[in-house]
2 protein chains.
Amino acid sequence: MATDQTRTAILIAAERLYAERGFSDVTLRDIVAEANVNLAAVNYHFGSKDELIAELFVTRSIALNRERLRELRAAEDAGGGRAEIGAILRALVGPILRGCLGPANQRSPVARFMIRASIESVPPIRRIKNKEIDHLRKFAAAMKRALPESSEVDLFWGLHFALAMAHHTIRESERLTKLSDGQCDLDDVEDVIGRVVRGAVLGLTMRVPTAKSTQKVAAREAR
Amino acid sequence: MATDQTRTAILIAAERLYAERGFSDVTLRDIVAEANVNLAAVNYHFGSKDELIAELFVTRSIALNRERLRELRAAEDAGGGRAEIGAILRALVGPILRGCLGPANQRSPVARFMIRASIESVPPIRRIKNKEIDHLRKFAAAMKRALPESSEVDLFWGLHFALAMAHHTIRESERLTKLSDGQCDLDDVEDVIGRVVRGAVLGLTMRVPTAKSTQKVAAREAR
DNA sequence: AATAGTTTCATACAATTGTTTGAAACGCAA
DNA sequence: TTGCGTTTCAAACAATTGTATGAAACTATT
């Protein structure tokens, strides 16, 4: 089987095209053209189109989850076993945001593929996706350790909203740029991560502000 | 042309199916079967599949935007010309959340169709969608009046995050239910709206909490 | 060199898609 | 009723899709 040249060429081409144009817009013929291989190669090496997609998704989601957990563990180690809430959420949303945003030339098809997969729910992926819940539970557990007084429901909502802000930012980055006339800088990934994490942390730790406290903040802001 | 029976039957069936199964999964034959009309009727009445989708989307996004603005105006009137930030965001995310969540039997295909449209970006919709930005600018302007001391960038991010939480909640409601073992109640729409609005308002009005203030909140929480 | 196993290739296949066609059915004014 | 414009219908069309086939090319072991 030599070096699996054809196989990996197909994987790379497929990931690139799917990430760029979405699943429904990309045909096997597009993929084999991009990979410079024969049409029949896909069915020969993967069995079917769906199995190709499934393999891509499994590989990539394992890698993403591993990176997230790596950062979570690092944060927990740094905090002596208990990570603080901001660090936990940063481990959750950081990897995907770093992969999808930033200067166009250094964005990875990997991360963008995962976003596509989370958007266009094609059958082969839908079947696998349930496992992601187990993965998220680990973060929920870490959050519970960080904020033991918070109710479970609030923690789940916080986790959910953090992912919401991250994913939506990736998907609608173009619109946000247009809406803000370029004022919102989507290339500054760490700033974006900071905003997402901060938004989620505030939601988890703060009470709703009174009119007075809002004014105070505004006043401090103005100085 | 009688009463446009066929035309409207197609529109209703198409909206239902698209909302349920997405654009890429629904064929014209599915639609005409659901509508109990002849296959050729779609091309006769709408010209093409894309024009059918476009007409659906235009109609619905006009209606949604009108409802949003109605609530915004109502909030501004109630506040004597200046709505407070929470009311503004509520006008932004309320209509779509009310349409998409709640008990399954009273969800409207209308709102779910709009979410589909915002997810699966098919060409006919992509072309129209730019107008939505003008619509959002009105909310950005209202937010600026409510929080004149905040920077424009922060306001845009707040608007963006509010939509992020709303849309993501709709799209991933099932996952959130599973993740939380049913603890997060997606049927209580007003509670969901409250959480989304509160999260966005906090991000817009509060500074990031220190470890000490977090403890204080936790302690207060515990009492 | 000969053979067996793997991989590639051009081509064909069957199914599905949106669209078109031309005749039939209908509605309704003259 | 006649005639005309509109609407419906069954059928066919052309294009595209994922998949299958069988021969050719290649690789590596004997």
Side-chain angles (χ1 to χ4, degrees), chain A residues 1-58 113 116-117 120-128, chain B residues 1-58 113 116-117 120-128:
Chain A
M1 68 173 64
T3 44
D4 263 352
Q5 276 184 299
T6 307
R7 231 185 103 90
T8 56
I10 291 172
L11 283 171
I12 292 173
E15 180 164 56
R16 261 259 299 262
L17 292 181
Y18 283 144
E20 267 173 31
R21 306 182 355 214
F23 293 105
S24 53
D25 273 16
V26 176
T27 71
L28 285 189
R29 284 167 178 82
D30 293 334
I31 294 173
V32 298
E34 172 90 5
N36 272 309
V37 301
N38 186 271
L39 173 59
V42 173
N43 287 277
Y44 177 77
H45 285 283
F46 297 92
S48 71
K49 184 196 185 185
D50 279 10
E51 287 173 88
L52 164 62
I53 294 179
E55 169 153 347
L56 264 178
F57 182 70
V58 169
F113 171 84
R116 280 289 179 193
E120 288 181 48
S121 178
V122 299
I125 289 183
R126 215 172 346 215
R127 279 192 290 273
I128 304 167
Chain B
M1 67 173 67
T3 43
D4 263 351
Q5 276 184 298
T6 307
R7 232 186 102 91
T8 55
I10 291 173
L11 284 171
I12 292 173
E15 181 164 55
R16 260 258 301 261
L17 293 181
Y18 283 145
E20 268 174 30
R21 297 166 21 198
F23 294 105
S24 52
D25 272 17
V26 176
T27 72
L28 285 189
R29 283 168 178 81
D30 293 334
I31 294 173
V32 299
E34 172 91 5
N36 271 309
V37 301
N38 186 270
L39 173 60
V42 173
N43 288 276
Y44 177 77
H45 286 282
F46 297 93
S48 71
K49 184 196 185 185
D50 279 9
E51 288 173 88
L52 164 62
I53 294 179
E55 168 153 347
L56 264 179
F57 183 70
V58 169
F113 170 84
R116 280 288 179 194
E120 288 180 48
S121 179
V122 299
I125 288 182
R126 215 171 348 214
R127 280 192 291 272
I128 304 168

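The sequence lines fix the lettering, A, B, ..., with proteins before strands; numbering per chain opens at 1.
When rounded to the nearest whole Å, the span between CG of B/Asp4 and P of C/dG27 equals 15 Å. Straight-line distance from the CG atom of B/Leu28 to the C1' atom of C/dG18: 6 Å, rounded to whole Å. Residue B/Ile10 contributes atom CD1, which lies 11 Å from atom C1' of D/dT8 at whole-angstrom precision. One atom, CZ of A/Phe46, and another, C1' of C/dT7, lie 14 Å apart when rounded to the nearest Å. Atom CZ of B/Arg29 and atom P of D/dA10 are 13 Å apart (whole Å). If you measure from atom OH of B/Tyr44 to atom P of C/dT21, you get 15 Å, rounded to the nearest angstrom. Look at CD on B/Glu51: it is 13 Å from C1' on C/dG18, rounded to the nearest Å. The distance between atom CZ of A/Arg7 and atom P of C/dT7, rounded to the nearest whole Å, is 10 Å.
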The contact string for nucleotides 20-25 of chain D, one letter per nucleotide 5' to 3', using protein heavy atoms under 4.0 Å with B, S and - for base, sugar-phosphate only and none, comes out as BB----

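A donor-acceptor contact shorter than 3.5 Å is absent between the side chain of B/Asn43 and the backbone of B/Ala40.
The side chain of A/Thr27 sits closest to D/dG18 out of C/dT8, D/dT8, D/dG18.
Distances shown here put a side-chain N or O of A/His45 below 4.0 Å from the OP1 or OP2 atom of C/dT8.
Annotation: proximity of residues 11-25 of chain A to DNA chain D (heavy atom, distance under 4.0 Å) is found for no residue.
Using cut-offs of 30° and 60° for the angle between ring planes, the B/Phe57 and B/Phe113 rings count as tilted.
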